[in-house]
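Bear in mind the structure is a predicted one, so any value in this text is a computation, not a measurement.
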Amino acid sequence: MQTSDLPDLAHTHARPTHWLATAAAMAGVIALAGLVQPDAATATDPATGPAGARAAAAPAPDAATATYPLTCAGVPTAVPRTATGDLDGDGRPETVAAAHCRAGSGTPPHGLYVLTHAKGDTKGARVVATLVAPADALTVGGLAVRDGAVTATLLGYSSSDVPRCCPDKQETVEWRWTGGTFLRTTATDR
């Protein structure tokens, strides 16, 4: 290493007081940065206003407020699964609900329904489409709404000899709003 012919400079020799002064200055900068924050970011869509305004204006329909087309002979209705999302692209969320009559035993068949808000009421819900009818003798094992599509795992029976507690068939299907109706297809792996 080559030595310098210049005299040693005072600032090249760090002393404990220099380290303490540097640490105190850094702590001050960090504390000040924590106190000074920028305003919250917002996005604005010229057609709808601030981001999220449509979603805040209309929450998803509440599945508990709907009247389902089930014949339950005096027993209450159960809604074990729901999923929400915008299915028709209008910016307002719909709810998909799997509903059945509460049975004392066995696995009662489910109906799978699409709900929107009741006319003029953002608290009530009404059934606008039936994706699976209880007469199909299927149970909904899984339910999701993603990218405008409803995906469900349907459980069923291969014959009347299979006990109603234990479905032995499974199919994953998808519905997508197309041309004014829900089209059902076999779901593909994503």
Side-chain contact test, heavy atoms from C-beta onward, threshold under 4.5 Å: evaluate it for Thr139 versus Leu154 and give yes or no. no
Shortest non-hydrogen separation from Pro167 to Cys165 and the atoms involved: CD-O, 3.5 Å
For the residue pair Glu94 and Asp88, establish whether any side-chain heavy-atom pair is separated by less than 4.5 Å. yes
Indicate the atoms forming the closest heavy-atom contact of Gly156 with Leu138, along with that distance. CA-CD2, 3.8 Å
Side chains of Arg126 and Thr116 in contact at under 4.5 Å (non-hydrogen atoms): yes
Take Val173 and Thr151, measure what side-chain contact (heavy atoms from CB on, under 4.5 Å) needs, and give me the verdict at the end. CA-CA 6 Å; Val173 296; Thr151 304; over 6 Å; no
Relative to the ring of His100, is the ring of His110 parallel (under 30°), tilted (30 to 60°) or perpendicular (over 60°)? parallel
Flag the pair Arg146 and Glu174 as a salt bridge only when some basic side-chain nitrogen lies within less than 4.0 angstrom of an acidic carboxylate oxygen. no
Is there any disulfide bond (SG atoms under 2.5 Å apart) pair reaching into residues 118-161, and which pairs are they, with sequence neighbours excluded? none
Could you walk me through whether Arg176 and Leu183 pass the side-chain contact (heavy atoms from CB on, under 4.5 Å) check? CA-CA 5 Å; Arg176 191 170 290 278; Leu183 294 178; 5.7 Å; no
So the ring-ring contact (aromatic ring centres under 6.0 Å, His included) pairs with at least one residue in residues 150-183 (sequence neighbours excluded) are Trp177-Phe182
Kindly indicate, with the supporting measurements, whether the criterion side-chain contact (heavy atoms from CB on, under 4.5 Å) is fulfilled by Thr82 and Thr84. CA-CA 7 Å; Thr82 63; Thr84 61; 5.7 Å; no
Count I, L, V, M, F, W, Y as connected when their side-chain heavy atoms are under 4.5 Å apart, and connections chain through other members. Are Val145 and Val140 then in the same cluster? yes
Thr130 side chain to Val132 main-chain N or O, any donor-acceptor pair under 3.5 Å? no
pair Val150-Leu87: side-chain heavy atoms closer than 4.5 Å: yes
